[in-house]
Number of protein chains: 2
Amino acid sequence: MTARPFSHLLERLRSAGLRPTRQRLALAKLLFEGGDRHITAEQLHGDALNHNIRVSLATVYNTLHQFTDAGLLREIVVDAGRSYFDTNTSDHHHFFFERSGKLEDIPGDTLTVSRVPQAPAGTNITRVDVVVRLTG
Amino acid sequence: MTARPFSHLLERLRSAGLRPTRQRLALAKLLFEGGDRHITAEQLHGDALNHNIRVSLATVYNTLHQFTDAGLLREIVVDAGRSYFDTNTSDHHHFFFERSGKLEDIPGDTLTVSRVPQAPAGTNITRVDVVVRLTG
DNA sequence: GTGATTGCAAATCTTTTGCACTAAA
DNA sequence: TTTAGTGCAAAAGATTTGCAATCAC
């Protein structure tokens, strides 16, 4: 909810090595100034259109992946054939409501994963994802 | 590796309420008599063709879902736009090799998830999935 | 200007569906 | 028989790609 100056987003894109184009700035505004969000490409596209931001679905996909590569977003896979993007890139886990298809952060450091096995030879652990699946 | 009699599969399908058709028996044989497997529909279809089992891809999809609903398989989602099916339905977690797209069971009770939060009101926990993502 | 970015439409990939045909009980 | 299961081809979604037009620097 903190109303940061628009230039903050501009800086944020620049530091990520991404040209602050009209589309990227507009999408960044939608993504990062509305609190934590779990959003699909289709949803973000609809959201953009609702705000009179003209942007193609292809660009939304490109932008989401660029933001993810730049570490501004985190991609979450819980549902075959649908990608969610999480604006919260800190270390945390998720509830997944199977019926509605909604995702929700599991607060703070409640859940803990212990005794994570060693990465097999020649590999490194990128991330440990925990999804608590819920009926309803 | 235990060479069980063919009738075992027949029984297994019957108890699951599934007619033991030629296709289902053949697919069950591929799935359950080769040790633990993590397989996609496309892979199982190719596997079947290699064994001279004529079965359509649509039937492979149907069969995988029927087996999953019957509790014979477990569906795992780690990769957007691709479903894996695990012949090991016991409680366990996975390594995911991001480069090769391979899945591997994390042995036994090594990894532990503790302090799983309560399910939100009106919901129940279906399952807790842990995926350890690896480079390589 | 010049190279990065965008939009559009077409292409691709995985999965599902409709329906006539076939097989199990 | 009678009903479930199968194959095929078409449909449906989600995502990606090719390329000319446009924009940021």
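Sequence lines set the chain letters: A, B, ... in the order given, protein chains first and strands last, and positions in each chain run from 1.
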K.L.:
Ignoring backbone atoms, establish whether A:R82 has a side-chain N or O less than 4.0 Å from OP1 or OP2 of D:dG13.
P.N.:
no
K.L.:
State whether A:T21 places a side-chain N or O below 4.0 Å from either non-bridging phosphate oxygen (OP1 or OP2) of C:dT6.
P.N.:
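For C:dT6, OP1 or OP2 has a side-chain N or O of A:T21 closer than 4.0 Å.
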K.L.:
Hey, does the side chain of B:H65 come within less than 4.0 Å of C:dT16's phosphate (OP1/OP2), counting only N and O?
P.N.:
yes
K.L.:
For A:Y84 and D:dA14, what is the distance between atoms OH and P respectively, to the nearest whole Å?
P.N.:
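Distance check: A:Y84 OH to D:dA14 P gives 10 Å.
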K.L.:
The side chain of A:R14 lies closest to which of these nucleotides: D:dC25, D:dT6, C:dA24?
P.N.:
D:dC25
K.L.:
Is the phosphate of D:dG7 approached by B:S56 (side-chain N or O, under 4.0 Å from OP1 or OP2)?
P.N.:
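It does, given that an N or O in the side chain of B:S56 lies less than 4.0 Å from OP1 or OP2 of D:dG7.
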K.L.:
What heavy-atom pair brings A:A48 and A:L30 nearest, and what distance separates the two atoms?
P.N.:
CA-CD1, 3.6 Å
K.L.:
Go through C:dT14, D:dA9, D:dG5 for me and flag the one nearest to the B:E42 side chain.
P.N.:
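Selected nucleotide: C:dT14.
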K.L.:
When the distance from CG of B:L57 to C1' of D:dG7 is rounded to whole Å, what number comes out?
P.N.:
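Those two atoms, CG and C1', are 11 Å apart.
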K.L.:
Does a side-chain heavy-atom distance below 4.5 Å link B:R74 with B:H92?
P.N.:
yes
K.L.:
Provide the closest heavy-atom pair for B:R24 versus B:R19 in the form atom of the first, atom of the second, distance.
P.N.:
NH1-O, 3.0 Å
K.L.:
To the nearest Å, how far apart are B:R24 CZ and D:dG5 P?
P.N.:
4 Å
K.L.:
What is the distance, rounded to the nearest whole Å, between atom CG of A:L27 and atom P of C:dT6?
P.N.:
9 Å
K.L.:
Which whole-number value in Å describes the distance from B:D79 CG to C:dT14 C1'?
P.N.:
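After rounding, the reported distance stands at 11 Å.
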K.L.:
From the options C:dG7, C:dT14, C:dA23, select the nucleotide whose nearest atom is closest to the side chain of B:R22.
P.N.:
C:dA23
K.L.:
Just checking, is any N or O donor in the side chain of A:D105 or A:H38 under 3.5 Å from an acceptor N or O on the other one?
P.N.:
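Looking only at side-chain atoms, A:H38 and A:D105 do form a donor-acceptor pair, the distance falling under 3.5 Å.
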K.L.:
Write down the distance between CD1 (A:I53) and C1' (C:dT5), rounded to a whole number of angstrom.
P.N.:
17 Å
K.L.:
OP1, OP2 of C:dA23 versus side-chain N and O of B:Q23: anything below 4.0 Å?
P.N.:
no
K.L.:
Taking the nucleotide of DNA chain C with the nearest heavy atom to each, does B:S83 or B:R19 sit closer to the 5' end?
P.N.:
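The residue whose closest nucleotide sits nearer the 5' end is B:S83.
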K.L.:
Under a 3.5 Å cutoff, is there a donor and acceptor pairing between the side chains of B:D129 and B:H94?
P.N.:
no
K.L.:
Would you say a side-chain N or O of B:Y61 is under 4.0 Å from OP1 or OP2 of C:dT16?
P.N.:
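It does not, given that no N or O in the side chain of B:Y61 lies less than 4.0 Å from OP1 or OP2 of C:dT16.
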